[in-house]
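Below is one structure, written out as structure tokens; comments come after it.
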Number of protein chains: 2
Amino acid sequence: MKPMGPIPAWFGEEDGMLVIGGCGAASLVDEAGDTPLFVYDMTIVEAQVRRFRDAMPDALHLHYAIKANPYAPLLTRMAGQVDGFDIASGGELAMALDAGMAPDRVSFAGPGKRNDELEAAIFAGVTVNLESEGEGRRALAIADRIGKTPRLAVRVNPDFDLKGSGMRMGGGAKPFGIDADRAAALARAMIDAGADWQGWHIFAGSQNLDPMAIIETQAATMALAGRLSDAVGATPRLVNLGGGFGLPYFPGDHALDIRPIGVALDSEMDSLPDILTGSIMAMELGRWLVGEAGVYLTRVIDVKLSQGEAFVVVDGGLHHQLAASGNFGTVVRRNYPMALANRFGAAPAADPVTVVGCLCTPIDRLGDKVALPPVEEGDLVAIFLAGAYGASASPAAFLGHPDARQLLLG
Amino acid sequence: MKPMGPIPAWFGEEDGMLVIGGCGAASLVDEAGDTPLFVYDMTIVEAQVRRFRDAMPDALHLHYAIKANPYAPLLTRMAGQVDGFDIASGGELAMALDAGMAPDRVSFAGPGKRNDELEAAIFAGVTVNLESEGEGRRALAIADRIGKTPRLAVRVNPDFDLKGSGMRMGGGAKPFGIDADRAAALARAMIDAGADWQGWHIFAGSQNLDPMAIIETQAATMALAGRLSDAVGATPRLVNLGGGFGLPYFPGDHALDIRPIGVALDSEMDSLPDILTGSIMAMELGRWLVGEAGVYLTRVIDVKLSQGEAFVVVDGGLHHQLAASGNFGTVVRRNYPMALANRFGAAPAADPVTVVGCLCTPIDRLGDKVALPPVEEGDLVAIFLAGAYGASASPAAFLGHPDARQLLLG
């Protein structure tokens, strides 16, 4: 048997059925029409937002990185919950505006913005986080051509990283942002060229479960923003401190306690460098806000034995949940938490089972030797932590299966 | 500098421009309208088919596994080139029939076939490769309900694997097919129930570059098919020997010489077990037929320095070419062969560059410290071996970028 990480604590059980947002999993499948199905519970997202607001300084802004989950009904609800959206493409720009977010609360980061994307962003009046001097020149030329004053911030590749992160995005040579030692010059050049300078975007890493690492990185980020602003000689409107809040996916992971981060940030924000007085501080979160709110429900098509090992074949797979198959930036495949939705909480069978997706490829493995109650054809398997980097981050067209259905509750 | 594998020999150069199917890369981009663009050269596919026919016994059938590349114009052309299509979903069933392939030349494998897929397949008259006893029961029940005689084959999990394969699909406990020691009983049960038994599907592995390993596996496969058929007491109409032919992607890989495989197969097919006299032998290939025919063209948006390292940012990325980013079943990321299409064949610059996609994630890396000629904004990067498991096997919706364009030449 291989262990699983913890099932998020938001979910209940009634008559042996997994309950999501007050509804039984089987009735949610009936409502949606079929499996495979992503269910997102907005009340969980809202609870995470409240948890954030309760723990963090009042003045800290919360941005949602829509790449984590751009499902339109969720985005629309999210627009009323957070202070801004962070986007990463022209497509996400359209989604952010469609969701009702005001353009002046949208920031666009991404190492490879095409000219048509820059034009759409500048025209809409969203902030463009510049990733290089070359992008700054292109943005100015486009703004000049279309007769708009561009809102420009500078994305900084910090000279430190967020230790222990799942994804490092700062420290060392990186394709993201420009090196800290050239950031002030770029900001100054943009101001001198007449741009509406918005500030700094400093993103050191994501998916971190160590409060101390996050506290240290945030302190270093604010100090860096202070030094850079001093060098520019101007107070930034906004300092995006990045994200970093992780979720527990795997055995041994513990939920991040954000309260000490809030306490430390409160103290940091009380003693900011003079030049940052009046700046808005923001955090940009994606996964932490929506990850636990999602459950992927998939039906058991077959249970089969091969050389004494039991395989549970489901109607979903890596075409909807690439990350759970271990093929999304992970070196070693580990099991996402999963359960039998229609025997939720029942005792596991004596022997573990391997849960595979319906794709005809050996990499479509969703659960390796997991402990589940006895499984039969027609049962519903729930894979947790499916709210972030699921449906939109998977190769949906691979092997010609239907898209997953999606349902927003709450 | 990190090495690359060999650029396939099919491509030429004219005035410094990469030539694909007689056309310059830049003019192909103009024709398609924009980058990122997959170009597939059908003459390369046809040359591979000829190479296969020349080397293999005349009686051997060639099937195309459409999962490798289901681009509709390519499928339509492919229908005239091969003796059958192998499909892996109800979606691929529709694609195969739309492409004009006769239903009795289509076989459907896949460990998780839903009832609606089985029904569509049985109704259409394609062969269903049964993956378990349970699937056999479901197929019979559906056939009975809709009043059709189902064409059924049995997919066997062989008691050997194809040594050195990129993807092992036989040997040991597997979700694919049923164990060899239960295969004859399943075939017998289907025949006794009145099904139109089609034979065996025995797929031991794929992406193999060792002729001797393939020869040994094919011999073992035919011997197994003989033993199983003896146990059933019936001659199978078709024995699908699987695939296995690999392509050289990485440094140190050498192109597979298929001629000794053909010689060995010729001799094997001359001395088949009596029960297989009259059986059709087929190989099922995907990647080997189409992989080298595809080139992914993506434009350089930015060239930037970070801490002395040069990053080339392109407008494509893992949302179109997940495999080239190293996130598709590979443990260690290695560079796909790539070149600067508009300075094809030029001498490399002194320093290597890292080529990253436009996605705002550190896993969107297409070329790690590769030797390219000096690169500028606007240049065209060509990534080779993009004909298989590219556009259709990548998370196209991730981060909201446009789909790649596709173009079939020849």
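Here is how names work: the chains are called A, B, and so on, in the same order as the sequence lines, proteins then strands, and each is numbered from 1.
By number of non-hydrogen pairs under 4.5 angstrom with chain B, the leading residue of A:Gly91, A:Ala173, A:Cys358 is A:Ala173. Ranked by heavy-atom pairs shorter than 4.5 Å toward chain B, the options A:Ser394, A:Ala109, A:Gly134, A:Ala94 are led by A:Ser394. Top candidate by heavy-atom pairs under 4.5 Å with chain A, chosen from B:Ala397, B:Gly110, B:Ala393, is B:Ala393. Ranked by non-hydrogen atom pairs under 4.5 Å with chain B, the options A:Val314, A:Leu305, A:Val332 are led by A:Leu305. The choice from B:Ser325, B:Ala88, B:Pro175, B:Ala65 that makes the most heavy-atom pairs within less than 4.5 Å of chain A is B:Pro175. Contact count against chain B (heavy-atom pairs under 4.5 Å) is highest for A:Ser306 among A:Gly112, A:Pro395, A:Ser306. Between chain A and the options B:Glu309, B:Arg114, B:Glu377, heavy-atom pairs under 4.5 Å are most frequent for B:Arg114. Note: B:Lys113 leads B:Met95, B:Lys113, B:Glu133 in heavy-atom pairs under 4.5 Å with chain A.
Without hydrogens or angle criteria, A:Arg333 side chain to A:Arg365 main chain gives a donor-acceptor distance under 3.5 Å.
When only modelled atom types and interatomic distance are considered, B:Asn157 and B:Asp179 share a side-chain donor-acceptor pair under 3.5 Å. Between the side chains of A:His201 and A:Glu284, at least one donor-acceptor pair of N or O atoms lies under 3.5 Å.
Within the cation-pi definition used here (under 6.0 Å to the ring centroid, within 45° of the axis), A:Lys67 does not qualify as a partner of B:Phe398. Cation-pi contact between B:Lys174 and A:Phe311: absent, since separation from the ring centre below 6.0 Å together with deviation from the ring axis within 45° is not met.
At a 4.5 Å heavy-atom cutoff, the contact between B:Leu359 and chain A is made by backbone atoms alone. Contacts between A:Leu399 and chain B at a heavy-atom distance below 4.5 Å involve backbone atoms as well as side-chain atoms. For a residue to count as touching a neighbouring chain, one of its non-hydrogen atoms must lie under 4.5 Å from one of that chain's; by this rule A:Arg182 touches chain B with the side chain only. Using a 4.5 Å cut-off between heavy atoms, B:Arg138 touches chain A through its side chain atoms alone. Residue A:Pro70: no heavy atom, backbone or side chain, is found under 4.5 Å from chain B. Neither the backbone nor the side chain of A:Arg299 comes within contact range of chain B, judged by heavy atoms closer than 4.5 Å.
Here the closest heavy-atom approach between residue B:Leu366 and residue B:Gly317 is recorded as CD1-CA, 4.0 Å.
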For A:Phe328 and B:Phe328, run ring-ring contact (aromatic ring centres under 6.0 Å, His included): C-alpha distance rounded to whole Å, both residues' side-chain angles, the deciding distance at 0.1 Å, then the answer. CA-CA 8 Å; A:Phe328 196 67; B:Phe328 196 67; over 10 Å; no
B:Leu322 and A:Leu322: side chain to side chain contact (heavy atoms under 4.5 Å, CB included), yes or no, with the steps? CA-CA 11 Å; B:Leu322 184 64; A:Leu322 184 64; 3.8 Å; yes
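Put simply, the residue from A:Val381, A:Asp403, A:Asp315 that forms a side-chain contact (heavy atoms from CB on, under 4.5 Å) with A:Pro36 is A:Asp315.
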